[in-house]
Colleague: 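Okay, here's the structure, questions in a sec.
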Amino acid sequence: MRIVVVAVGRVKDKPLRAALDDYLGRVRRYVPCDEIELEDAPPARLVPLFAKKTEGSTTIALEVMGRALDSPSFAQAVERAGSRGKGVVSFLIGGADGIPPETSRAAHDRLSLSTLTFPHRLARLVLVEQIYRAMTILRGEPYAH
Ligand SMILES: C[S@@+](CC[C@H](N)C(=O)[O-])C[C@H]1O[C@@H](n2cnc3c(N)ncnc32)[C@H](O)[C@@H]1O
């Protein structure tokens with residue numbers, strides 16, 4: 001399995017960047033994981049960008065109104081997605097205006113992290129933490145605090 005996080009916006013805030021890098025590093029102990037940042041743009045420009053960056057992968061759009069899962073079920077969903085096709089799982093995070101509807105419709109799955117709406121950079125951090133948690137669940141290993 002390989003994981004790609006495709007997110008709108010750059011994380012420039014140092015503490016947030018450090019927290020993201022910490023969890024990305026933890027995920028990379030288990031699987032290769034890339035982070036791709038897209039410039040925020042109108043939907044007409046974002047749709048082809050998302051499509052290009054996720055070509056050939058199984059795509060999971062992160063949306064407030066997506067399927068709500070607990071962490072063990074999220075881990076199963078990641079494992080299932082990783083067993084499809086080439087084994088590349090792309091997670092999509094939108095910008096301030098969310099994921100374009102066309103990109104959302106094209107995704108293989110739509111998952112929610114909470115019924116609360118987070119700023120996109122914070123949603124990215126919660127997502128990467130949950131991917132790390134999923135890896136520990138799938139391997140039956142303790143979560144390192
Ligand atoms: C500020 S939110 C976008 C809000 C926008 N009005 C909408 O309804 O999509 C920015 C991005 O963060 C992610 N996000 C924020 N809260 C989320 C949540 N609870 N579950 C999943 N993704 C979330 C989504 O990818 C969303 O596109």
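Indexing begins at 1, ligand by ligand and atom by atom, following the structure's order.
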Colleague: Using a plain distance cutoff, I'd like to know if A123 has any nitrogen or oxygen under 3.5 Å from a nitrogen or oxygen of ligand 1.
Modeller: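 No, there is no polar N/O contact under 3.5 Å.
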Colleague: Can you confirm, on distance only, whether ligand 1 has an N/O atom lying under 3.5 Å from any N/O atom belonging to S114?
Modeller: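 Yes, there is a polar N/O contact under 3.5 Å.
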Colleague: Between G94 and ligand 1, is there a nitrogen or oxygen pair with a distance under 3.5 Å?
Modeller: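 Such a contact does occur with ligand 1.
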Colleague: Can you sort out the partners of Y132 under ring pair (Phe, Tyr, Trp, His ring centres under 6.0 Å), two or more places apart, ordered by chain and number?
Modeller: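 If we apply the ring pair (Phe, Tyr, Trp, His ring centres under 6.0 Å) test to Y132, skipping adjacent residues, the hits are Y143.
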Colleague: Tell me which protein heavy atom sits closest to atom 24 (C) of ligand 1, plus the residue, atom name and distance to 0.1 Å.
Modeller: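 So the nearest neighbour among protein heavy atoms is L62 O, 3.0 Å.
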Colleague: Any Lys/Arg nitrogen of E39 or R45 sitting under 4.0 Å from an Asp/Glu carboxylate oxygen of the other?
Modeller: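 Not counted as a salt bridge, because no side-chain N and carboxylate O are separated by less than 4.0 Å.
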Colleague: Sequence neighbours left out, what pairs pass salt bridge (Lys or Arg N to Asp or Glu O under 4.0 Å) with at least one residue falling in residues 98-125?
Modeller: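 Listed by first then second residue: E35-R124, E37-R124, R67-D109.
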Colleague: Do any N or O atoms from the side chain of T59 and from the backbone of H108 form a donor-acceptor pair under 3.5 angstrom?
Modeller: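 A pair under 3.5 Å: yes.
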Colleague: Considering only heavy atoms, does A96 approach ligand 1 within less than 4.0 Å through its side chain, its backbone, both, or neither?
Modeller: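 Under 4.0 Å from ligand 1, A96 contributes backbone atoms alone.
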Colleague: Can you figure out which of V64, L116, T117, L113 has its heavy atom closest to atom 19 (N) of ligand 1?
Modeller: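 Nearest option to atom 19 (N) of ligand 1, by heavy atoms: L116.
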Colleague: Considering only protein heavy atoms, which is closest to atom 7 (C) of ligand 1, and at what distance to one decimal place?
Modeller: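 Checked against all protein heavy atoms, atom 7 (C) of ligand 1 sits closest to G98 CA, 4.1 Å.
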Colleague: What are the atoms of ligand 1, with element, lying closer than 4.0 Å to any heavy atom of E63?
Modeller: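 Checking each atom against E63, I get 20 (N), 21 (C), 22 (N).
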Colleague: Say whether G95 and ligand 1 are in contact under the criterion: heavy-atom distance to a ligand atom below 4.0 Å.
Modeller: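 In this structure, G95 qualifies as a contact of ligand 1 - some heavy atom is under 4.0 Å.
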Colleague: Taking M135 as the starting point, is it possible to reach F91 by hopping between hydrophobic residues whose side chains are less than 4.5 Å apart?
Modeller: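 Looking at the clustering, M135 is in the same group as F91.
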Colleague: Return yes if a side-chain donor-acceptor contact under 3.5 Å exists between S112 and E63, otherwise no.
Modeller: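 Not at all, the side chains of S112 and E63 share no donor-acceptor pair under 3.5 Å.
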Colleague: Provide, to 0.1 Å, the distance between atom 2 (S) of ligand 1 and the closest protein heavy atom, together with that atom's residue and name.
Modeller: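 The closest one turns out to be F118 O, 3.5 Å.
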Colleague: For the side chain of R28 and the backbone of C33, is there at least one donor-acceptor N/O pair under 3.5 Å apart?
Modeller: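 Checked: pair present.
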Colleague: Identify whether the distance between the nearest side-chain nitrogen and carboxylate oxygen of R17 and D13 falls below 4.0 Å.
Modeller: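 No, R17 and D13 are not salt-bridged.
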Colleague: Output yes when the distance from some N or O of ligand 1 to some N or O of L111 is under 3.5 Å, and no in every other case.
Modeller: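 No; every N/O pair is 3.5 Å or more apart.
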